[in-house]
A.B. asks: 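Input: one structure, supplied below.
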Amino acid sequence: MSDTVKEIAYESSRYNPHEIEPKWQKKWDESKLYEVDLNDHSKPKYYFLTMYPYPSGDLHTGHWYAEAPADAAARYLRMKGFNVLFPMGFDAFGLPAENAAVKAARRGENVHPATLTYKQIDRMVKQFSQLGAMFDWSKMVVTCDPDYYKWNQWFFLKMYEKGLAYKKQSPVDWCPSCNTTLAREQVVGDDRVCERCATPVIKKDLSQWYFKITDYAEELLNFDNLDWPTRVREMQTNWIGRSEGAEVNFDTKAGKLTVFTTRPDTLWGATFMVLAPEHPYVSELTSADKQAEVATYIEETQRKTEIDRMAEGKEKTGVFIGAYAKNPVTGKEIPIWIADYVLMGYGTGAIMAVPYGDQRDFEFARKFKLDIVAVVKPDDSVDLGALDKAYDGPGIMINSGPINGQIHNGEKGKKSPAVAAAIDYLEAQGIGKGATTYRLRDWLISRQRYWGTPFPIVYCDEHGAVAVPYEDLPVALPTDVEFMPTGESPLKSHDSFLNTTCPICGKNATRETDTMDTFMDSSWYWFRYLTPHKTDAPLDAELAKHWAPVDTYTGGIEHAILHLMYARFFTKVIRDLGLIDHGEPFKRLRNQGIILGEDNEKMSKSRGNVVNPDNLVSEYGADTVRTYLMFIGPWDQGGPWNSKGIEGPTRFLGRSWTLITDEASSDTPADKPTLKELKRAVHSAIKEVTDDFENFQFNTAIAELMTLVNAMSKSKSKQVVETLEWQEGLEALIKMLAPIAPHISEELWERTGHTGSIHLESWPSYDESALVKNSISMAIQVNGKVRGQIEVSIDASKDAILEAAKTESNVARYLENAQIIREIVVPGKLVNLVIKA
RNA sequence: GCCGAAGUGGCGGAACUGGUAGACGCGCUCGACUCAAACUCGAGUGGAUAAAACCGUGCGGGUUCGAGUCCCGCCUUCGGCACCA
């Protein structure tokens with residue numbers, strides 16, 4: 001704060017956002033106000049990242065809801081003294097642009113996805129400028145640019161060399177509408193639909209490229225030192241699905257058959273085995289007389305989709321394959337069955353069935369009349385002979401040879417003494433070992449589409465899949481392609497792309513025509529913002545060391561598993577390639593909710609409930625729209641748009657404007673108590689607003705600023721505005737408004753006689769001593785109910801407070817003919833008198 | 001079924017480590033300005049009541065001088081996972 005009162009040239013003009021917003025956007029642009037010098041180490045760095053959008057060509061209210069508060073938070077940090085990097089770019093590969101091209105092809109027109117995408121990017125950059133955000137566009141990243149996707153290919157080759165990228169044939173999820181395979185993560189919901197178009201997926205047996213994310217399963221479960229919402233951590237943890245247990249080997253005539261179990265302690269109760277119908281041992285083990293029956297069952301299973309299986313409920317089906325395995329601890333021969341409730345993709349695709357302890361095995365045993373042996377005794381009151389369902393609770397091991405008498409305490413893995421004892425026994429006997437499995441599958445990255453990163457792989461008759469040499473990168477996506485009305489990738493019919501030579505032998509070879517999942521692009525893009533045009537490496541090690549990891553990352557919850565898990569995986573891979581020395585990309589994560597239409601439904605053209613931000617800006621101005629979006633409620637909750645609700649922030653900015661630009665009319669003297677109260681209000685607001693910004697509570701920050709404006713309006717007079725206290729209040733108010741409403745605050749800053757941008761000012765700090773009130777109001781309770789209020793000085797003694805409390809007229813009524821048995825004084829808050837009548 | 005989050009006025013939502021429930025805003029009511037309306041400004045606004053007593057944070061208990069907040073048992077909504085061995 002300056003120590004002289006500035007002359008304000010009052011002029012009675014109304015707040016007109018349409019005049020001031022374009023004016024300041026232009027000035028900021030010209031002065032490169034938001035361009036960040038990445039090599040400026042004079043201030044601590046802060047990397048504030050918000051998820052880059054797909055260039056749909058139209059900035060909608062959801063983008064505003066995501067970006068405006070993120071911008072405010074980044075601006076706040078800049079005023080707090082950080083060198084803040086707040087970049088923006090475009091997730092430019094993907095289906096919408098390609099589908100538009102295919103659609104055009106059906107009409108006989110030629111619309112190239114690249115042309116369309118870049119046009120839409122131009123339009124969105126312009127729309128973004130309306131928002132008044134401090135994006136540093138000099139660092140923009142566009143993922144469909146060969147400069148960018150070249151490095152996707154580079155990373156792919158590095159991973160291929162390390163065995164982290166591999167190709168395998170297996171049943172995969174296929175979206176018939178998007179005409180491509182999907183990663184497991186992109187198949188969602190009970191009805192297994194495509195994440196982007198909600199079409200039910202089908203299974204196809206295809207040879208596809210994968211990233212070995214499962215190698216990092218254990219590390220991905222570790223969220224130590226990450227300030228992430230529990231919800232997201234929970235979702236990823238569920239998805240990875242860690243199970244601790246043991247692998248046990250059973251002897252069969254086809255050789256050793258390994259099963260995974262979380263309950264090795266119940267091995268003595270394993271009375272049969274079940275294999276997945278696809279298990280490789282099935283053909284070998286099936287006896288001659290069972291061949292036909294087994295073949296039929298396998299065929300039925302294959303024909304059934306997952307939805308069919310679900311629709312049939314959980315009624316167990318299966319067939320005995322005419323073979324036996326030896327239970328390694330009891331020595332008994334137990335029958336081997338196949339059933340579709342055992343999945344080939346999990347564990348070893350084979351289970352030991354313990355009908356006593358597992359509900360599925362129990363149902364199977366009941367249906368097919370198989371033995372049930374009790375192995376855990378819960379307590380004396382349970383009749384083991386009269387089971388109607390499996391028992392998986394705690395108890396004492398029985399009928400279990402060497403582990404008889406061990407306690408199963410109901411905990412998972414080795415936390416249960418019985419499980420630990422069983423694993424020890426298996427390992428000592430050499431028949432099994434402790435093991436952990438994960439539900440997580442490897443990331444399928446092949447897509448049968450055009451508009452994505454080509455794989456740097458060629459197929460040679462002699463050498464198989466061969467990596468394209470690094471010096472030949474990028475493998476450019478050809479632009480002279482014809483889109484098939486069928487939706488099939490044009491790469492398949494593009495001769496000069498398809499036909500090439502083998503890098504090893506020089507003979508004719510063909511290129512891989514699939515392209516990479518676009519989640520590849522977003523798995524490392526934040527590094528590229530640091531050096532978007534670097535030609536010799538994907539990232540700059542020096543800059544990455546200084547700027548990464550990202551300090552705060554914001555975006556929608558819909559990426560909780562997909563993008564955020566892939567990005568974590570990729571960061572660990574890049575670390576293991578030796579390019580960086582950290583393994584987590586985003587230190588702090590905050591998710592915004594979804595902004596809904598006024599009818600509380602998702603905004604969609606078909607519902608007709610879309611709120612268009614361009615219209616809002618032309619009606620209210622960007623600052624008001626920003627303020628309202630932040631004021632609407634907690635950011636992570638989202639909620640419905642309310643066209644009446646925006647009136648609140650509209651009036652608030654209008655009142656702030658008049659408070660500062662209108663000459664005072666009242667004549668109240670600027671006496672000491674008034675000024676002290678004014679100062680208290682200002683400093684209290686600074687404290688609260690600061691805390692709220694730290695905690696991403698934009699709604700309450702704005703409420704505090706409204707309170708401050710109301711308080712200042714009340715105390716405003718010709719005399720008061722002449723004081724330093726008033727000026728300090730005005731400056732603090734404008735500064736605190738700056739991150740939220742950057743245009744009006746810049747204008748008010750100028751009009752109050754300041755030079756230079758408010759956005760280069762530092763955040764106000766508060767004085768603890770200014771927060772102290774002279775006197776405080778205390779509630780007087782009698783038996784916990786408020787019966788009166790007293791006003792006492794801040795330093796009043798406990799006795800004085802009690803004296804005042806008891807003589808308060810309404811309180812005194814209650815005290816008549818009553819005995820006070822307890823007196824509780826909470827300083828600054830209340831007095832509670834406990835009486836007995 | 002397992003795991004997680006949340007239930008507060010007519011509405012969006014506040015409430016720090018248990019301490020005056022409903023900040024701030026919308027809406028509504030009354031008033032001023034205006035020929036009138038809009039804007040703006042001022043006053044009021046949880047319910048019930050003439051007023052006090054009283055009733056109020058999903059429901060039922062409990063702990064405490066005092067519970068939206070802590071404990072036990074439920075209900076509802078939302079999200080994730082699920083024939084995962």
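Note that the structure is a prediction, hence the values are computed from the model and not measured. To find a chain, count down the sequence lines: A is the first, B the second, and so on, and within it residues start at 1.
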A.B. asks: Start with the C-alpha distance between A:Phe364 and A:Tyr341, add both sets of side-chain angles, then the distance that settles ring pair (Phe, Tyr, Trp, His ring centres under 6.0 Å), and finish with yes or no.
C.D. replies: CA-CA 10 Å; A:Phe364 197 84; A:Tyr341 82 92; 5.6 Å; yes
A.B. asks: I'd like the P distance from B:C54 over to B:G19, given in whole Å.
C.D. replies: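 About 22 Å, rounded to a whole number of Å.
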A.B. asks: Looking at B:G66, B:U40, B:C54, which one has an atom nearest to any side-chain atom of A:Arg651?
C.D. replies: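 The nucleotide sitting nearest to the side chain is B:U40.
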A.B. asks: Would you measure the distance from the C1' atom in B:C59 across to the matching atom in B:A50 and give it in whole Å?
C.D. replies: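 Going atom to atom, C1' in each nucleotide, I get 34 Å.
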A.B. asks: Please state the P separation for the pair B:C70 and B:A5 - nearest whole angstrom.
C.D. replies: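 To the nearest whole Å, 12 Å.
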A.B. asks: Reading RNA chain B from 5' onward, which residue's closest nucleotide shows up sooner: A:Trp239 or A:Arg263?
C.D. replies: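 Mapping each residue to its closest nucleotide by heavy atoms, the 5'-most match is A:Trp239.
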A.B. asks: Around atom CD of A:Glu19, are there more than 12 heavy atoms from other residues, nucleotides or ligands closer than 6.0 Å?
C.D. replies: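 12 or below, so no.
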A.B. asks: Can you tell me, in whole Å, how much space there is between the P of B:G13 and that of B:G58?
C.D. replies: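 15 Å, rounded to whole Å.
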A.B. asks: For B:U64 and B:C2, measure between their P atoms and round to the nearest Å.
C.D. replies: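 That atom pair is separated by 33 Å.
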A.B. asks: Considering only atom C1', compute the distance from B:U45 to B:C35 and round it to an integer number of Å.
C.D. replies: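 The answer is 31 Å between these two C1' atoms.
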A.B. asks: Among B:A85, B:A23, B:C65, find the nucleotide with the atom closest to the side chain of A:Asp358.
C.D. replies: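 So the nucleotide nearest the side chain must be B:A85.
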A.B. asks: Counting side-chain heavy atoms from C-beta on, which of B:A52, B:A43, B:A14 comes nearest to A:Pro634?
C.D. replies: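 It is B:A14.
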A.B. asks: Of all the choices, B:C3, B:A85, B:A82, which nucleotide is nearest to the side chain of A:Tyr346 once you look at every atom?
C.D. replies: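 The listed nucleotide nearest to A:Tyr346's side chain is B:A85.
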A.B. asks: Would you mind telling me which of B:A21, B:G12, B:G27 lies closest to the side-chain atoms of A:Val786?
C.D. replies: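 The nucleotide sitting nearest to the side chain is B:A21.
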A.B. asks: I want to verify a distance call: between B:G13, B:G27, B:C24, whose nearest atom is closest to the A:Gln637 side chain?
C.D. replies: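 Of B:G13, B:G27, B:C24, B:G13 is nearest to the side chain of A:Gln637.
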A.B. asks: Quantified in whole Å, what is the P atom distance between nucleotide B:U29 and nucleotide B:C39?
C.D. replies: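 13 Å, rounded to whole Å.
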A.B. asks: For nucleotides B:U77 and B:C71, find the distance between their P atoms and express it as a whole number of Å.
C.D. replies: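 Looking at atom P only, B:U77 and B:C71 are 24 Å apart.
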